[in-house]
Every structure is written in structure tokens, then in C-alpha cells.
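What follows is a set of notes on a single structure, which appears directly below.
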Amino acid sequence: MKYIHKHQLLDSGDLVLVGCSGGIDSMVLLHFLNAKKAELGISVAAVHIDHMLRGEESRQDRLFTEATAKQWGVDCFSRAIPIPDIWKEQGGNKQQLCRSERYSYFLEIMEKTGAPKIATAHHADDQLETILMSGLRGSLQDGAFGIQASRPFGGGLLIRPQLAVDKEQIAAYANLHKIPHQEDSSNGEAAYTRNRLRQRVLPLLKDENREVSRNFVDLAEDMQQDQQFLQELAEEKLRHLIQRKEQGIVLSAKSFRVEARALQKRMVLLLLNYLYNPKQVPVTRQLVEQMQEMMQSSSGTVFLHLPQNYIATRQYDMVSLNRQSPEPIAATAPVIMGAEWTPIYYGRRYKVIPLAGVEKNEGALVWHFHAPEDSRFFLRGRKPGDRIQLAGMVQPKKLARLMIDEKIPVPMRESWPVITTDKNELLLVPGLRPSARVSLQKRDGDNWVLIEQFL
């Protein structure tokens, strides 16, 4: 009760749905809330899902839950969901599929009844197990820390009142009130990591400190509050840093790296979340660290290949995140360059104008160079024998060798555009390297500018 009031989990007038498996944890929660409904000013209903994974055993769990709820004067919504058939058709993680189908049914009943809250029976030992499992998987970097007392769910909240107590207290309550419950045979299977932690590790921790689970609940609350503050700050900072373009996202590496490392990590995660659903694409600690590392300089060009054919490119200070086609692309047809923008290539477009006509360009790099006033310039596909004079090198480098060194995917090499003079002198390999002929700083004698705009 103290935990419910402390976290403002319930309001007078709430209809609270309780996710009930028929096991001891959920039956205790249903009994407790039903017994205290007058004091709390709430009404209670049960929701049960038969995942059909244990045949007759799981069918009996459903019948038991329905009968017990009826005996206690509680409405019960239940459904059998053929998880084995769905899993056979869709594949994937069976436990995640169960959770997805279960929560979909919770949402359906919330909408049907207008209930603003659904309560699940996670307790303090679950919190400890969850944090330990996150540490084992190396997934603590994703901004979450353990199980939350409440979180948005559908149009309402998912709440966990029993985080205040551990398994032994739940068992003591069940014994005191003679609460019937079912035993799930799968809870004892050592094939599941959580079960092994529960059977082997938790007893050792509790031998050291009887209060370890509730201590981890307090730790999680403190961490969650800190995480929420840092996350909100990271979101605010990133909003000012990024430009959303039709082809992807653009930001300044310099502006990124002046922020604290703790914010950088969260901003990288937010950037990746803009690209794809993190629940479908696992974001590893290594990937986050690689993206942070590429932001730590504004010299040269760096590529980082991301899941689902996305690519992060840092060209000097400008960083872009774009999706690339996995299929071979037709060779780039030659385009005469001038004061009009070229077509878009890999999230960028270009134009060449006399230095005297340059104006400030938002989200653009301005490359200065010297060429005869009557020169013409071209954007074309790579040709055999193309070479580029790189700064600091005596001899020009073969463009084919450069692409190998820069780990450009083979399907992209043939179609990669280059910008040249009418004498076939390479000025820029877009998104890869500038030649020594061009500079971001104006030099004596420079009379042309090549403008590269990120879209």
C-alpha cells in the first residue's frame, strides 16, 4: 500500500485490470487489490491468456483462473492464443512472441472496458533478475534500467504494485490468506537463463543480504530517475543538432562532441532510433561506441555501415546517416555542372560557381579551388584508370584502390560519382575524399567553389 501511494499507481475510480496467469504471484496481486478495492476506491477485473504451450496443463490454468475470479466476485476476460502455430509460421523468439500476443490482448481489453490501468505481478526478485540479465546480455546501455513501477501503455498505464515485495513475502501472504494457485511446470526448466539465475544465483545473493531484492528495487528507482533526466536532456540537445533531410539525417560532429559523454551515448541511441525500430534491430554497445568514435574528429572521411543498409558518413565536420540500396546501381551518367544543382547522389547534390557568386549555404560544404575561367566541370561515374591526388601524397592514388581501402561495398563502387574538370582532373569523390586541389579554406588564387549540400 505504501508503494502504491508513493508512486501514485492508482486513482479513485480506476478500473484496474490484473494480468493473471493463475500462478502464485498474479493470484496474490488479484486477491490483494480485490480485498483493498473499497479502501483504494477502485474496481478490479482479471485478464488471462492461455498460450497453448503446455497443452492440457495450460488449459487447466485458464479454467482455474476463471473459476477463482468468479468465486471472488471478479470479472475475468480470457482467451486461448495458439502460440505454437503462430511461432511455426512466423519464427523468431518464442518468449518474445508470447509477450507480444499477451500485451496485445491486454490492450484490447483495456480499450473494450475503458480501463486506464493494467497491473502485472512483477515483484522485487523479478527486478533483481532483470537487472542481472541485462548485465549478462550487455544491454544496460539502452537507457533503461530494470523494471519500472509504471509506464505508458496504450491510452493508460501499465503498473507493477508488487515491486515492493519479494517472492517470500508473496508466499507468506498466499499462505496466510489460503490463496489457491497453479504451478507452471516450465518455471523449473534450466534451459531458461532467468530460471538458472532464480535457482542458482539469487539464493547466494540472499545468503549475503536478505534484503538484496528490495535494495535492487531502490537502486533501480534511483537509476531510472537519473536516466530519465539524462534522456530528456539528450533529446533536447539532439533536436538542436540534427537536420532532417529527405534522404536522411545530418549533424555537425564538432557540435556533437562538445557534449558530455553520457549525453553522447544517449544521442547516438536516439539517432539510431530515428532510423529503425530498436526492437527489430538490436543495437549493440560496440555499434554505439563506433558511432561515438567517428564523431571525435573533423578531419578526413569516415564510413560506418549500420544495420538494414544504412550508412553513417563523416566528411570532415559533416555527418550524414542515409540508407543505401543493397542492389548494384547503374553507372552515373555524366552531368555538366554549373550554377544549377545536380541530381541527388547518396543524399547530396552539387554545383560549381565562380567564387564571386558564392553565398552562405545552410548544411553545405564549400570547396575552394583554382581553374581557368573557361573551364567546364562534370559529375560522372567512375572510369577505369581514374586517379586522385590526395593531400600529402606525391603520386596520385588509384580511385579503385582508395575505394578498397575505405571499404566501399563492391556493388556501390562502379556507380560511385566523381567530380572532375574538363581535363579529367578529379576534384572530389563525393562522400569519400576531396583531392588536394580543393580546400574548405579560401587560398590565394582560388577562383571557383564547389558546393556540396546535404539533403
Side-chain angles (χ1 to χ4, degrees), residues 4 7 9-38 40-54 57-87 94-123 126 147-165 170 173-174 177 179-184 186-187:
I4 287 170
H7 293 277
L9 299 183
L10 297 172
D11 298 303
S12 180
D14 280 347
L15 167 58
V16 184
L17 303 177
V18 181
C20 285
S21 66
I24 187 171
D25 302 336
S26 58
M27 296 310 292
V28 163
L29 179 60
L30 180 64
H31 182 276
F32 175 83
L33 291 178
N34 191 50
K36 299 293 184 182
K37 63 184 179 182
L40 292 166
I42 63 173
S43 54
V44 178
V47 185
H48 175 87
I49 298 94
D50 173 6
H51 297 109
M52 303 177 69
L53 288 169
R54 293 175 289 117
E57 182 181 333
S58 60
R59 191 181 79 86
Q60 288 300 322
D61 288 348
R62 180 183 182 184
L63 295 176
F64 164 81
T65 304
E66 292 170 344
T68 305
K70 183 177 181 180
Q71 181 183 342
W72 291 349
V74 173
D75 290 337
C76 183
F77 301 90
S78 68
R79 176 179 294 170
I81 300 176
I83 294 296
D85 294 340
I86 299 173
W87 182 66
K94 190 184 294 184
Q95 296 300 314
Q96 182 60 41
L97 177 61
C98 288
R99 185 181 187 277
S100 175
E101 293 293 332
R102 182 166 63 249
Y103 278 49
S104 293
Y105 185 57
F106 288 167
L107 284 171
E108 179 184 328
I109 301 303
M110 285 182 77
E111 293 173 1
K112 178 179 179 179
T113 61
K117 308 282 174 63
I118 181 155
T120 60
H122 295 93
H123 49 76
D126 290 328
I147 305 169
Q148 295 175 299
S150 68
R151 67 173 178 85
F153 186 73
L157 291 176
L158 188 152
I159 62 173
R160 286 128 172 171
Q162 281 190 162
L163 285 179
V165 296
I170 291 170
Y173 182 99
H177 295 280
I179 297 173
H181 59 274
Q182 300 287 89
E183 291 292 340
D184 184 342
S186 67
N187 286 340

Would you give the length of the straight line joining atom CD1 of I4 to atom OG of S150, rounded to the nearest 0.5 angstrom?
12.0 Å

Taking all heavy atoms of V74 and all of V44, pick out the closest pair and write down the distance.
CG1-O, 3.7 Å

Atom CD in Q162, atom CZ in F32: separation rounded to 0.5 Å?
8.5 Å

For residues W72 and P180, report the shortest heavy-atom separation together with the two atoms involved.
CZ2-CD, 4.1 Å

Give me each pair satisfying salt bridge (Lys or Arg N to Asp or Glu O under 4.0 Å) with a member in residues 64-78, each pair once, sequence neighbours excluded.
R62-E66

If you round to the nearest 0.5 Å, how far is NZ of K117 from CG of L157?
5.5 Å

Closest approach of T120 to R160 (non-hydrogen atoms, all atoms of both residues)
OG1-CG, 3.2 Å

For a side-chain contact (heavy atoms from CB on, under 4.5 Å) check, start with the C-alpha distance between I42 and K37, then their side-chain angles and the critical distance, and finish with the verdict.
CA-CA 5 Å; I42 63 173; K37 63 184 179 182; 3.9 Å; yes

Just to verify, what does S26 make a side chain to side chain contact (heavy atoms under 4.5 Å, CB included) with, not counting sequence neighbours?
C20, S21, A121

What are the two closest non-hydrogen atoms of A119 and L33, and how far apart are they?
CB-CD1, 4.3 Å

Between H123 and L163, the two heavy atoms sitting closest are O-CD2, 3.5 Å

Value for CG (L40) from CG (N34), rounded to nearest 0.5 Å, stands at 11.0 Å

Which is it for I170 and V165 under the side-chain contact (heavy atoms from CB on, under 4.5 Å) test, yes or no, and what are the steps along the way?
CA-CA 7 Å; I170 291 170; V165 296; 3.9 Å; yes

So, do F153 and Y103 have ring centers that fall under 6.0 Å from each other?
yes

Could you list the residues that satisfy side-chain hydrogen bond (donor to acceptor under 3.5 Å, both in side chains) with Y173, not counting sequence neighbours?
H31

Who pairs with A149 by side chain to side chain contact (heavy atoms under 4.5 Å, CB included), at least two apart in sequence or on another chain?
Y3, H7, L9

Donor-acceptor contact below 3.5 Å, side chain S100 vs main chain Q96
no

In chain order, what residues pass the side chain to side chain contact (heavy atoms under 4.5 Å, CB included) check against E111, with sequence neighbours excluded?
none

Any side-chain heavy-atom pair from V47 and Y105 closer than 4.5 angstrom?
yes

Test side-chain contact (heavy atoms from CB on, under 4.5 Å) on F64 and Q60 and set out the steps.
CA-CA 6 Å; F64 164 81; Q60 288 300 322; over 6 Å; no

Looking only at heavy atoms, what is the nearest atom pair of I118 and G19, with distance?
CG1-N, 4.5 Å

Can you tell me how far OG1 of T113 sits from CG of L15, rounded to the nearest 0.5 angstrom?
5.0 Å

Not counting sequence neighbours, which residues clear side chain to side chain contact (heavy atoms under 4.5 Å, CB included) with I83? List them please.
H51, L53, I81, K94, L97, C98, E101

Rounded to the nearest 0.5 Å, the CG atom of D25 sits from the CG atom of D126 at a distance of 6.5 Å

May I ask you to say whether D61 pairs ionically with R54, meaning some side-chain N is under 4.0 Å from a carboxylate O?
yes

